[in-house]
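Reading through the structure tokens given below for one structure.
Protein chains get the first letters and strands the later ones, always in sequence-line order, with residue 1 at the start of each. Computed from a predicted structure; not experimentally measured.
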Amino acid sequence: MADTKALTTRAADFSAWYNELIARAELADYSPVRGCMVIRPNGYAIWEQMQRALDQMFKDTGHQNAYFPLFIPQSFLSREAEHVEGFAPETAVVTHGGGKELEEPLVVRPTSETIIYAMYAKWIQSYRDLPLLINQWANVVRWELRTRLFLRTTEFLWQEGHTAHATEAEAEEETRRMLGVYRTFMDQWMAMPVVTGRKTDSERFAGALRTYSCEALMQDNKALQAGTSHNLGQNFSRAFEVTFQTANGELDHVWNTSWGVSTRLVGALIMTHGDDAGLVCPPRLAQYQVVIVPIYRTDSERGAVLEAADRVRKELVAAGVRVHLDAREGMKPGAKYYEWEGRGVPLRLEIGPRDVAAGAVVLARRTGGKKETLPMEGLVPRMFQEMERMQTDLLEAARARREANSIRGATKQLFLDYMEAGGGFVYAGFCGSNDCEAQVKEQTKATIRVLPDEEFRSVPAPATCMWCGRPSVAEAVWAKAY
RNA sequence: CGGGGUGUGGCGCAGUCCGGUAGCGCGCCUGCUUUGGGAGCAGGAGGUCCCGGGUUCGAAUCCCGGCGCCCCGACCA
């Protein structure tokens, strides 16, 4: 690492902390192209872990992977009116190929609904072809005005699920199911609690009937939209003539859904668990769950220590633990500790001559607390135990932080004061009018993150709109957002 | 596109006001000694000072014009 100084603290400058952490942990780097990032091996490894877990969950819910092209005929985008309005301003367009001007410009996909539903129109004829449940892992490009590593880059990696169903009810069920999959993933893998719910029209996906979202609260009390699931209704099937014959011979348009999460989740992970020493990675997503640092002075100590360390490593590998033995020479143990802490490795085992003699290892946890000497005997189950505990502790800590920064039943004044004081989630009554939403955004920068699902709602439900005092039609969760 | 900042070895910076031919810390390489929380010593490698003009005997430095990047805001996953 180039820089050995401490990171800017979160309290001093959250944004600087975030950028420095990414550099320190070697998660990503700026590319020569404005707004684009290079995902470095340490960052990509986390994404791979995410992919692995999510991909399995998609397959377990009946989806198959496929791949659709990067280029989309420009005319495709225009077929769905709201969709083109939403995305046209931020597309990159290819006008030349092979040295010649193209007859029709090609849009670099900002999302793939149009090209996928154009294909579905060919593939779907009968209700027997439904449901069609496809996911793709891909890169997309959105020409954003302002970018931030992982959170909003010009090109980003994601997955997008696209499904077609025979009935509206089935599509709605799928939309909700995948939102649930995301929520489970964020809870159980990322140790990141989320509030789920429906988006208001102003935040709805361009072309969707309804958009649902998972919203997480970062350590600076700004909300991050971590994953979305859209019920597209028949908007795209009408635009792309995706029709099928029903069991009784009638022709109908299919009902579609789409849902996605992106490399933004790596940013979410950083801002949920990171501390002033660097990344804190939940064990289930860590590239290395355990790092072993050997300590020795003499050659004979070196031999014995490395032999013991490698034995521990092999035992853990055999048990399926992702473990790394840091046997680099000429580097003091302390320097290695700092490095692995910055990278967020959950557990560190130190093995020195004393430990070899005692048949023991020293355990240090990334989340703090005293170091602990453990017998080598029974180490493997102990490591699993530690990882499980850390995983649940991280989730609990994140949940507690979120709750400490959420208020319910806010009045207008309380709301204004709260946003002024730094913000967080505010649960409050909402009259349903675009005007109120726009006014709040104008005055406080806060937006409605979701109209929360039932389990997140306040009891009793708020009776009036926090802003205008008219009767409330739904409770809303407000926050300033990324 | 507005506001702010910044471009000098890999990274972080000083030098710019007041022109004289580039320096510090970290990192890197070699060797020796080290190694239980960021090692020490010695020797070394590495720079078109963002770009283009201009002024001058001479420009990192002064003048003019560009460009890049970062941060804050508007747009957005």
To the nearest angstrom, how far is [X] atom [atom1] from [N] atom [atom2]?
X      : N     : atom1 : atom2 : value
A:W17  : B:C71 : CH2   : C1'   : 17 Å
A:I351 : B:U35 : CD1   : C1'   : 16 Å
A:D13  : B:C70 : CG    : P     : 16 Å
A:F205 : B:A77 : CZ    : P     : 9 Å
A:R40  : B:C11 : CZ    : C1'   : 12 Å
A:R148 : B:A74 : CZ    : P     : 13 Å
A:F87  : B:A77 : CZ    : C1'   : 8 Å
A:K336 : B:U34 : NZ    : C1'   : 13 Å

Identify which nucleotide among [options] has an atom closest to any side-chain atom of [X], counting heavy atoms from C-beta outward.
X      : options             : value
A:R142 : B:A77, B:U35, B:G73 : B:A77
A:Y296 : B:G37, B:C70, B:U35 : B:U35
A:A335 : B:A39, B:G36, B:C71 : B:A39
A:F156 : B:A77, B:U35, B:G37 : B:A77
A:R264 : B:C71, B:G36, B:A77 : B:A77
A:K332 : B:C71, B:G36, B:C75 : B:G36
A:L145 : B:A77, B:C70, B:C75 : B:C75
A:R348 : B:U35, B:G37, B:C71 : B:G37
A:Q225 : B:A77, B:A74, B:C75 : B:A77
A:E144 : B:C71, B:G36, B:C75 : B:C75

Are [X] and [Y] close enough that their ring centers fall under 6.0 Å?
X      : Y      : answer
A:F76  : A:F71  : no
A:F415 : A:Y418 : no
A:H83  : A:F236 : yes
A:F156 : A:W47  : no

NZ or CZ of A:R176 within 45° of A:Y212 ring axis and under 6.0 Å: yes

A:R297 side chain near B:U35 phosphate (N/O to OP1/OP2, under 4.0 Å): yes

Distance test, side-chain N/O of A:N19 to OP1/OP2 of B:C70, below 4.0 Å: no

[M] and [N], which share atom name [atom1], separated by this distance in whole Å:
N     : M     : atom1 : value
B:C49 : B:A60 : C1'   : 5 Å
B:U61 : B:A14 : C1'   : 13 Å
B:C63 : B:G7  : P     : 16 Å
B:G27 : B:G38 : C1'   : 13 Å
B:C50 : B:A59 : C1'   : 16 Å

Plane angle bin for A:Y427 and A:F425 - parallel if under 30°, tilted between 30 and 60°, otherwise perpendicular: perpendicular

Geometric class of the A:W340/A:H324 ring pair [parallel <30°, tilted 30-60°, perpendicular >60°]: tilted

Watson-Crick/G-U partner (both atom distances under 3.5 Å) of B:C41: B:G31

NA contact type, [X], heavy-atom cut-off 4.0 Å: base, sugar-phosphate, or nothing?
X      : answer
A:V140 : nothing
A:R302 : nothing
A:E203 : nothing
A:P89  : nothing
A:S15  : sugar-phosphate
A:L151 : base
A:T153 : base

A:K370 with A:E372: basic N within carboxylate O range, under 4.0 Å: no

Aro-ring/base stack A:Y338-B:G38, d under 5.5 Å, angle under 30°: yes

Quiz item: A:E339 side-chain donor-acceptor pair to B:G37 base, under 3.5 Å: no

Along RNA chain B (nearest heavy atom to each residue), the more 5'-positioned of A:E90 and A:Y30: A:Y30

